[in-house]
Amino acid sequence: MDENEIGMTEVEFERQYKQAIKRGAERLERLPSAVSAKYDKKTKRMVFEMLNGVTLLVPVRLIQGLRTDEENLLSDFELVCKGSQIHWRGLDVQFYIEDLLKGVFGTPKWMRSITEHLADIGRKGGSSKSAAKTASSRENGKKGGRPSRKVA
């Protein structure tokens with residue numbers, strides 16, 4: 001038997017290739033699939049209609065590679081692999097729909113940066129000073145401050 005440069009016979013290569021194709025097709029059948037998708041310019045979100053009837057809304061600012069104001073690029077996508085993936089052609093970005101459903105919008109490093117960014121927004125909002133916030137705080141103080149948590 002002749003072996004190729006990776007030390008495998010042609011017969012063994014064909015056997016493994018057929019098994020890999022079969023496993024890939026089986027996995028593709030198990031993946032969550034979108035039957036349609038659209039970019040909502042007004043809300044700046046992707047809207048996915050799933051095969052099971054669920055609608056998924058994802059802000060594009062959360063998805064790695066989609067931080068652009070060019071709406072024509074955000075609208076230029078296609079569902080591929082039986083709706084299990086989405087590919088933005090002009091941005092060269094591709095995601096599994098399953099990952100978006102799980103809240104995975106990029107690499108671990110990207111996800112950490114998004115989480116930190118959202119936490120910063122929350123901290124800034126909580127530390128803001130306004131006349132309304134000051135007045136509300138004073139009124140709560142007159143009533144004895146924040147109510148204590150009730151323990152069940």
Side-chain angles (χ1 to χ4, degrees), residues 6 13-14 16-152:
I6 57 171
F13 175 82
E14 282 298 317
Q16 288 188 24
Y17 176 77
K18 287 177 183 175
Q19 282 181 339
I21 295 294
K22 182 181 176 189
R23 284 191 311 270
E26 289 168 352
R27 180 167 190 265
L28 191 58
E29 290 301 317
R30 290 190 309 270
L31 287 172
S33 297
V35 292
S36 70
K38 71 176 185 173
Y39 171 64
D40 185 335
K41 293 177 184 180
K42 184 178 177 184
T43 62
K44 298 185 183 300
R45 294 186 296 192
M46 290 301 302
V47 181
F48 298 94
E49 297 296 332
M50 304 302 295
L51 186 62
N52 64 1
V54 168
T55 301
L56 173 66
L57 306 172
V58 183
V60 294
R61 67 182 166 76
L62 296 181
I63 302 174
Q64 186 174 4
L66 298 189
R67 285 209 172 160
T68 180
D69 290 330
E70 296 184 52
E71 292 183 342
N72 61 321
L73 291 175
L74 294 171
S75 297
D76 183 25
F77 60 84
E78 63 182 327
L79 291 172
V80 294
C81 296
K82 297 184 177 183
S84 67
Q85 298 175 44
I86 184 168
H87 176 74
W88 285 268
R89 295 176 265 256
L91 296 169
D92 195 27
V93 173
Q94 187 157 329
F95 275 88
Y96 279 99
I97 301 298
E98 177 179 46
D99 287 341
L100 298 176
L101 281 165
K102 290 178 179 178
V104 177
F105 306 120
T107 62
K109 184 177 179 180
W110 170 263
M111 295 296 292
R112 279 191 304 277
S113 73
I114 287 295
T115 303
E116 290 165 6
H117 175 71
L118 294 175
D120 283 345
I121 290 171
R123 275 191 293 276
K124 288 175 186 172
S127 67
S128 68
K129 306 280 188 229
S130 70
K133 189 171 180 181
T134 301
S136 175
S137 185
R138 283 190 184 130
E139 286 302 311
N140 281 336
K142 290 176 187 176
K143 298 174 186 174
R146 290 181 181 221
S148 60
R149 284 193 170 169
K150 294 180 180 177
V151 179

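Computed from a predicted model, the values in this text were never measured in an experiment.
When all heavy atoms of G83 and L79 are compared, the closest pair comes out as CA-CB, 4.2 Å. In plain terms, the two heavy atoms of G106 and Q64 that are nearest each other are CA-OE1, 3.2 Å. Taking every heavy atom of both residues into account, M111 and G103 meet most closely at CE-O, 3.0 Å. Nearest approach of W88 to L73, heavy atoms of both residues: CD1-O, 3.7 Å. For the residue pair S33 and M50, the shortest heavy atom distance occurs at O-CE, 3.3 Å. Here the shortest heavy-atom pairing between P32 and L101 reads CB-CD1, 3.6 Å.
Between the side chains of T55 and E49, at least one donor-acceptor pair of N or O atoms lies under 3.5 Å.
Atom OG in S84 sits 6.5 Å away from atom OH in Y96 (nearest 0.5 Å). If you take CZ on R45 and CZ on R61, they are separated by 10.5 Å, rounding to the nearest 0.5 Å. Here the straight-line distance linking atom CG of L66 with atom CZ of F105 works out to 11.0 Å at 0.5 Å rounding. One finds the SG atom of C81 at 6.5 Å from the CD atom of Q94 (value rounded to the nearest 0.5 Å). For the atom pair L56 CG and I97 CD1, the distance stands at 7.5 Å (nearest 0.5 Å). Rounding to the nearest 0.5 Å places CD1 of I63 at 7.5 Å from CD1 of I86.
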Checking M46 against L100 for the side-chain contact (heavy atoms from CB on, under 4.5 Å) test, could you report, in this order, the C-alpha distance in whole Å, the side-chain angles of both residues, the deciding distance, and whether it holds? CA-CA 10 Å; M46 290 301 302; L100 298 176; over 6 Å; no

Might you work through the side-chain contact (heavy atoms from CB on, under 4.5 Å) test for F77 and H87, ending with a clear yes or no? CA-CA 5 Å; F77 60 84; H87 176 74; over 6 Å; no

Verdict with supporting geometry, V47 and V58, side-chain contact (heavy atoms from CB on, under 4.5 Å): CA-CA 7 Å; V47 181; V58 183; over 6 Å; no

Could you check R67 against V60 for side-chain contact (heavy atoms from CB on, under 4.5 Å), going step by step and ending with a plain yes or no? CA-CA 7 Å; R67 285 209 172 160; V60 294; over 6 Å; no

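No donor-acceptor distance shorter than 3.5 angstrom exists from the side chain of S75 to the backbone of N72, with no hydrogens or angles considered.
Residues meeting the salt bridge (Lys or Arg N to Asp or Glu O under 4.0 Å) test with D76, sequence neighbours left out: R89.
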